[in-house]
Protein chains: 2
Amino acid sequence: MLTNVSLYIFAIMETLVKKSRKEQIEEKATQLFQEKGYAATSMRDLAQVLGIEAASLYSHIKSKEEILQKICFRMADEFFKSWEEVEKENSSMAEKMKKAMAAHIKVITQDTASSAVFFNEWRHLSEPHLSDFLAMREDYEGRFMQIINDGMASGEFKTVDPKFMMLTILSSLNWTHNWYNPSGSLSPLEVGDRLSNLLLNGLNK
Amino acid sequence: MLTNVSLYIFAIMETLVKKSRKEQIEEKATQLFQEKGYAATSMRDLAQVLGIEAASLYSHIKSKEEILQKICFRMADEFFKSWEEVEKENSSMAEKMKKAMAAHIKVITQDTASSAVFFNEWRHLSEPHLSDFLAMREDYEGRFMQIINDGMASGEFKTVDPKFMMLTILSSLNWTHNWYNPSGSLSPLEVGDRLSNLLLNGLNK
DNA sequence: CCTACCGATCGGTAGG
DNA sequence: CCTACCGATCGGTAGG
């Protein structure tokens, strides 16, 4: 009797915890795309990791590129969502920049594998997805540039080339996906603090 | 008579300026690897750009990967060579870091296409080349970390995590290959100055 | 540098 | 989710 109840509860939990086959496919694909790159990952590689035949993948997905699209646009959504809390900050542009950097780092550290695919494999998107992607990126980069421009106008920031500045900041931020270890001792907040402190105040004493 | 002499001189100049077929192959391959990635570039793509058949490529090269190896290890050589002038600088660690950054930027800006392949496609190297490559990179990164450690010891730099600092600096530096335009108005030296000023002194006034 | 060709592998479909 | 299979393309070789 007790055993039956236990098994029943276990079955419910499994249903709650277990990922759908489609989710499993996307998760493993993300790992493979990160490790080998999109082009060098075959559907047979992916199927093997999941223990099924390559043809069976197509019961759950439409194409190889569909997986890439899901990853790239889901991450883009995350970055835009994270910007909502940034917009609330208006005390100073230095503070707003810190918030923006922290928000950006939070998204990356939450899923470094998807971030790697987002940053490195987007060029394999076909049209019109590629153009959509690039338009979103330009929008997002423009928001960082706006903070820089506002900070220069208010006299908080040095006079710099805003685009150059934005590219430098984002490259430092984006690179974290390569070395951040979620099970390490550094929290996402600490990474954000260190990076914003460095980029705003410099290495010199 | 004059025409014959002119043609003769022209022929000599052409010989001096004209790249060997092997050099042409490497140059076009670099462009394609940058644009589409190594794995997504086929030997038929490469042959088409050169106006020959894919099979003809193999009179000049041994394999597709050989081209990638050439690009990656040539760039690695350039980075190590550029370090020689850095070693001479010992007035201060801030100055040495500036020199190191300028040297690094100089190599990247001199050949942004090869740099892109170097930074993005090295993972397609097979063993033992991959291990060699990673060992060289670790050596190079260690040199930047040494400057940071020395600068902290001398009291010039803030107390930071040296590895974190090194990764942040190099990511900013390395990203330049993505946006630097050799025919634009910004000289390699100016890029180096701006980046070292930002990373050493920060954006805040 | 070409023609002709190789075996292997690719993304994906049909039908059950 | 599988078997069986498709046409296309891959890196590369033989022989001239």
Side-chain angles (χ1 to χ4, degrees), chain A residues 14-15 18-73 117 120-130, chain B residues 14-15 18-73 117 120-130:
Chain A
E14 206 179 13
T15 313
K18 207 177 182 178
K19 280 157 183 148
S20 72
R21 206 42 152 172
K22 191 164 186 175
E23 286 172 323
Q24 285 176 48
I25 290 171
E26 284 175 18
E27 187 180 338
K28 295 295 182 189
T30 303
Q31 285 172 24
L32 288 172
F33 292 171
Q34 176 188 24
E35 286 164 28
K36 312 168 59 134
Y38 175 77
T41 300
S42 74
M43 296 306 271
R44 284 159 179 85
D45 291 336
L46 177 55
Q48 197 182 23
V49 168
L50 291 158
I52 60 176
E53 293 300 316
S56 305
L57 292 167
Y58 292 89
S59 315
H60 304 96
I61 57 155
K62 278 196 298 199
S63 67
K64 184 185 176 184
E65 204 199 302
E66 189 201 41
I67 307 176
L68 181 63
Q69 288 164 17
K70 282 267 177 67
I71 299 168
C72 288
F73 288 97
V117 176
N120 301 321
E121 309 299 329
W122 57 266
R123 61 179 160 179
H124 296 108
L125 255 20
S126 64
E127 293 292 358
H129 311 287
L130 182 59
Chain B
E14 205 180 13
T15 314
K18 206 177 181 179
K19 279 156 183 151
S20 71
R21 206 42 152 171
K22 191 164 185 174
E23 286 172 322
Q24 285 178 46
I25 291 171
E26 284 173 20
E27 188 181 337
K28 295 294 182 191
T30 303
Q31 285 173 23
L32 287 172
F33 292 171
Q34 176 189 22
E35 286 164 28
K36 311 168 58 132
Y38 175 78
T41 301
S42 74
M43 295 307 271
R44 282 158 181 85
D45 291 335
L46 178 55
Q48 197 183 22
V49 169
L50 291 157
I52 60 175
E53 293 299 318
S56 306
L57 292 166
Y58 293 90
S59 315
H60 303 97
I61 57 154
K62 279 196 299 199
S63 67
K64 183 184 178 186
E65 203 199 303
E66 189 201 41
I67 308 176
L68 181 63
Q69 289 162 19
K70 282 267 176 66
I71 300 167
C72 288
F73 288 97
V117 176
N120 300 322
E121 308 300 330
W122 57 265
R123 62 178 159 178
H124 296 108
L125 254 20
S126 64
E127 292 294 357
H129 311 287
L130 182 60

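When reading the values below, keep in mind they use all heavy atoms of this one structure, side chains included, and skip hydrogens, waters and symmetry mates. Within every chain, numbering begins at 1; the chains are lettered A, B, ... in the order of the sequence lines, protein sequences first and strands thereafter.
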For [X], give me all partners under salt bridge (charged side-chain N to carboxylate O under 4.0 Å, His left out), at least two apart in sequence or on another chain.
X        : value
Lys70(B) : Glu26(B)
Arg21(A) : none
Glu27(A) : Lys19(A)
Lys36(A) : Asp45(A)

Rounding to an integer number of Å, can you tell me how far [X] [atom1] sits from [N] [atom2]?
X         : N       : atom1 : atom2 : answer
Leu57(B)  : dC10(D) : CG    : P     : 13 Å
Asp45(A)  : dC10(D) : CG    : P     : 17 Å
Tyr38(A)  : dC10(C) : OH    : P     : 13 Å
His60(B)  : dG11(D) : NE2   : C1'   : 18 Å
Glu53(A)  : dT3(D)  : CD    : P     : 5 Å
Ile61(B)  : dC1(C)  : CD1   : C1'   : 14 Å
His124(B) : dC10(D) : NE2   : P     : 15 Å

- Query: If you measure from CG on Leu125(A) to SG on Cys72(A), what distance do you get to the nearest 0.5 Å?
  - Reply: 5.0 Å
- Note on the structure: To the nearest 0.5 Å, atom NE2 of His129(A) lies from atom CD of Glu127(A) at 9.0 Å
- Item | DNA chain C stem ranges, 3 or more consecutive Watson-Crick or G-U pairs under 3.5 angstrom | C:1-16 with D:1-16
- For Gln31(A) and Glu35(A), does a side-chain donor sit closer than 3.5 Å to a side-chain acceptor? no
- Query: Heavy atoms under 4.0 Å, any strand shown: does Ser42(B) hit a base, just sugar-phosphate, or nothing?
  - Reply: sugar-phosphate
- Kindly state which residues belonging to residues 66-73 of chain A come within less than 4.0 angstrom of DNA chain C, counting heavy atoms of the residue only, listed by number. none
- Message: Going by the rule ring-ring contact (aromatic ring centres under 6.0 Å, His included), which residues pair with His124(B) if we only count those two or more places apart in sequence or in a different chain?
- Response: Tyr38(B)
- Message: With nearest nucleotide decided by heavy atoms, which residue, Thr41(A) or Ser59(B), maps closer to the 5′ end of DNA chain C?
- Response: Ser59(B)
- So which heavy atom on Ile67(A) is nearest to which on Ala29(A), and how close? CG2-CB, 3.6 Å
At a cut-off of 3.5 Å, list every protein nitrogen or oxygen paired with a nitrogen or oxygen from nucleotides 12-16 of chain C, distance to 0.1 Å.
from	atom 1	to	atom 2	distance (Å)
dG12(C)	OP2	Tyr58(A)	OH	2.9
dG12(C)	OP2	Lys64(A)	N	2.8

N/O donor-acceptor pairs under 3.5 Å from side chains in residues 47-62 of chain B, not counting sequence neighbours:
from	atom 1	to	atom 2	distance (Å)
Ser59(B)	OG	Ser56(B)	O	3.2

- Task: Identify the residue among Thr41(A), Thr30(A), Val117(A) that makes a side-chain contact (heavy atoms from CB on, under 4.5 Å) with Leu68(A).
- Result: Val117(A)
